[in-house]
Number of protein chains: 2
Amino acid sequence: MASVLPLAGLRETGQSRIWLDTIIKGDCVAALEALPDHSVDAIFADPPYNLQLGGTLHRPDQSVVDAVDDEWDQFASFEVYDAFTRAWLLACRRVLKPTGTLWVIGSYHNIFRVGAILQDLNFWILNDIVWRKTNPMPNFKGRRFQNAHETMIWAAPNAKAKGYTFNYDAMKAANDDVQMRSDWLFPICSGGERLKGEDGKKVHPTQKPEALLARVIMASTKPGDIVLDPFFGSGTTGAVAKRLGRHFVGIEREQAYIDAASERIAAVEPLGKAVLTVMTGKKAEARVAFNVLVETGLVKPGQVLTDARRRWSAIVRADGTVASGGDAGSIHRLGAKVQGLDTCNGWTFWHFDDGKTLRPIDELRSIVRSDLAKMD
Amino acid sequence: MASVLPLAGLRETGQSRIWLDTIIKGDCVAALEALPDHSVDAIFADPPYNLQLGGTLHRPDQSVVDAVDDEWDQFASFEVYDAFTRAWLLACRRVLKPTGTLWVIGSYHNIFRVGAILQDLNFWILNDIVWRKTNPMPNFKGRRFQNAHETMIWAAPNAKAKGYTFNYDAMKAANDDVQMRSDWLFPICSGGERLKGEDGKKVHPTQKPEALLARVIMASTKPGDIVLDPFFGSGTTGAVAKRLGRHFVGIEREQAYIDAASERIAAVEPLGKAVLTVMTGKKAEARVAFNVLVETGLVKPGQVLTDARRRWSAIVRADGTVASGGDAGSIHRLGAKVQGLDTCNGWTFWHFDDGKTLRPIDELRSIVRSDLAKMD
DNA sequence: AACTTGGTTGAATCAGCAA
DNA sequence: TTTGCTGATTCAACCAAGT
């Protein structure tokens, strides 16, 4: 795992997927062109932020702030940065499956340009996510608010994209049974998690916390999916993907980062399958048609169903339709019809009398489902 | 105060400032051109967001969401929206003093375009500020994260601008003596603050909370300063400016909004000078979800939790859910399930073994909370 | 008077599949 | 590509009415 691939001939390998769980050395766009069309399930991109720093920044105690002034973060102008951004985004879209999604993280220096270009390229923004830092760097000059967050954009490859993965139920269950919001709170990467060289200095200036990547990957991919990171850096995406039972592909130009990331990922122990099971809701359950209930005798032809307050009633017919007054149809159609609505979930609308109380027919469906589960 | 000015001849009035504390009726750009150069200290702009909505959206209870589908939010394309944005931003800069600053609020639908154009026009971004909503609208279809914030950009008129107002010490004092961060927590505008017509319906679909404007104005202006709002709407900027001892100028096209704003502002009582020195904001106790413990490593995926008497056990999964036997769910749901109850407080029910004794996971939450106590 | 219950609402780019 | 069917899906706050 985490071997480094030479660039030549990758695309021709087609479905062999020898590039899985590797770091490709090279320029982002060139390396992306070597990968097959529609081959990855998700992309997490942490591109250069194009920080426009003036002189050296000193803390109040006169110590010097170790700023991000690497060569790879220098762009001559917004135009150059925009062209760079368009190029790698287009290359990413070709590689992304139609059902895949793209994440980009940035700060106010670059994220507005990235977001506007995403829209110009007809990507479809699903959310902007705010990473609130528990321990951001203070503003030393006292001339601005403390810059305490970064922004991520989560986007589908086009406006019509359907079927992307969003583990809604897992996110909700993990968040004390309320929807996960667009503002996330995490510490910055520090302490033992922060990669340091033999000189004790940080290996990469903008290493992202694993917790952030973990939520991204848990939310938008399934176990076994492939996650691409075109600006691999210290390999946080790869380390978290491996730990969470996903495959990764990294692209990185600098050998020092590749070395550090390879070593880091090699030490990661994947979690077991049982732990990685993703919480799913009703949507993922086997479909059970109403007539199965009739056929199995859980509901009898001629039986009367009502809504929860007995305002409306319907009679069950042998073919699995229900009838009320002059109307008849599926449990959904008739439920909508009697209420005067466009749609209705008949499973939760119609109830049966168990001798004591009214219970939704959805409970009978659960019985069928649990019977089916035993037959696996 | 809050009289409505006709548009003609304003610019010629020069320094007479008869336009102070008035609402100018007209198109944003045209009205701005009627104001003198370098005449206002701050601008707060809440432009149309260019929402691109599909069909009608229903809540789970089948009620219809009252969407923002007003004519003024309709743009033919991104190009048209961008041209509109460039025009009003340029007009704003001419009117803004060299020492003044500009605020723009938006959502992911438009804020990236606004930010990129600001940079293209050589505005200088000072901060992006996240307004975290305490009570955002849910995501009804479960296909995205709950869109729980909006973004503001705070910018100086050019890269070299010096001497802008930032009341650093007031912000810090108001924030329990730590620097004010770039993420702010406020409820949406509702209840008594929300302007309603005689029909009981909201006057304006996107009225902003006064608390938000109060922090903006307190942070970036001095008493007696002039605050311009080129998209005045229901007049929140004017009402707060007046209350805080600042002057305002509003621009608005629709007479209904002008009427409501005028009446609203007339009823505002300015605060006394002494009161205007320091303001404090209240804080809510941080809510910590279980997955935060997993993400921060206080609880590990695969770790076993039990109840206080070890009668039941559960395994922690990477997505922040817990599993036991064939069941899985949130700590609360699973706790209820294994006990055969309807509800359960998972925080006090589930325990971990610290090597000596069983301790409720609630104690781990306390640890996180004390780390977060410095924040909203 | 204090509390409970039920209804309403908010800047929303909000479904998936099979025929 | 379009149509139609199945059936999944909400949180915090405010307010009015009932207990």
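What's counted below: heavy atoms across the whole structure, side chains too, no hydrogens, waters or symmetry copies. Each chain gets a letter, A, B and so on, in the order its sequence line appears, and its residues count up from 1.
- Between the side chain of B:K208 and the base of C:dA11, a donor-acceptor pair under 3.5 Å is found.
- For D:dG7 and C:dG10, the C1' atoms lie 26 Å apart once the distance is rounded to whole Å.
- Closest contact between the side chain of B:S190 and the listed nucleotides D:dA13, C:dC14, D:dA8 involves D:dA13.
- For A:T343, the listed nucleotide lying nearest its side chain is D:dA8; candidates were D:dA8, D:dC11, C:dA11.
- Separating the CG atom in B:N139 from the CZ atom in A:R181 is a distance of 13.0 Å, to the nearest 0.5 Å.
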Contact list (N/O, under 3.5 angstrom) for nucleotides 15-18 of chain C vs protein:
from	atom 1	to	atom 2	distance (Å)
C:dA15	O3'	B:R143	NE	3.4
C:dG16	OP1	B:R143	NE	3.1
C:dG16	OP1	B:R143	NH2	2.8

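- A donor-acceptor contact closer than 3.5 angstrom is absent between the side chains of A:S220 and A:W154.
- Here B:N50 lies out of heavy-atom contact (under 4.0 Å) with every strand.
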Where do A:V278 and A:K222 land on the side-chain contact (heavy atoms from CB on, under 4.5 Å) test, with the steps shown first? CA-CA 8 Å; A:V278 174; A:K222 299 184 176 75; 5.8 Å; no
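- A salt bridge links A:R365 with A:D362: the closest approach of a Lys/Arg side-chain nitrogen to an acidic carboxylate oxygen falls below 4.0 angstrom.
- No side-chain donor-acceptor contact under 3.5 Å links B:R194 and B:S234.
- Remark on DNA chain D: of its neighbouring residues A:D342 and B:R59, the 5'-side contact belongs to A:D342, judged by nearest-heavy-atom nucleotide.
- In this structure, A:Y164 has its ring center no closer than 6.0 Å to that of A:W124.
- Remark: DNA chain D takes part in the stems C:2-10 with D:11-19, C:15-19 with D:2-6, each of 3 or more antiparallel Watson-Crick or G-U pairs, criterion distances under 3.5 Å.
- In this structure, the ring of A:W184 has its center no less than 6.0 angstrom from the ring center of A:W131.
- Under a 4.0 Å N-O distance rule, the pair B:K201/B:D66 does not qualify as a salt bridge.
- Using a 4.0 Å heavy-atom cutoff across all strands shown, A:S330 reaches sugar-phosphate atoms only and no base atom.
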Can you pull every protein N or O that's under 3.5 Å from an N or O on nucleotides 2-8 of chain C?
none

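- Rounded to a whole angstrom, the distance from the P atom of C:dC14 to that of D:dC5 is 23 Å.
- Checking A:R287 against A:G281, the closest nucleotide of DNA chain D that is more toward the 5' end is the one next to A:R287.
- There is no side-chain donor-acceptor pair under 3.5 Å between A:Q179 and A:N175.
- Within the 3.5 Å criterion, the main-chain N or O of A:A161 finds a donor-acceptor partner in the side chain of A:N158.
- Separation of the P atoms belonging to C:dG7 and C:dA11 is 23 Å when rounded to the nearest angstrom.
- For the C1' atoms, the distance linking C:dA1 with D:dT19 amounts to 12 Å, nearest Å.
- Ion pairing between B:R59 and B:D61 fails under the 4.0 Å rule for side-chain N and carboxylate O.
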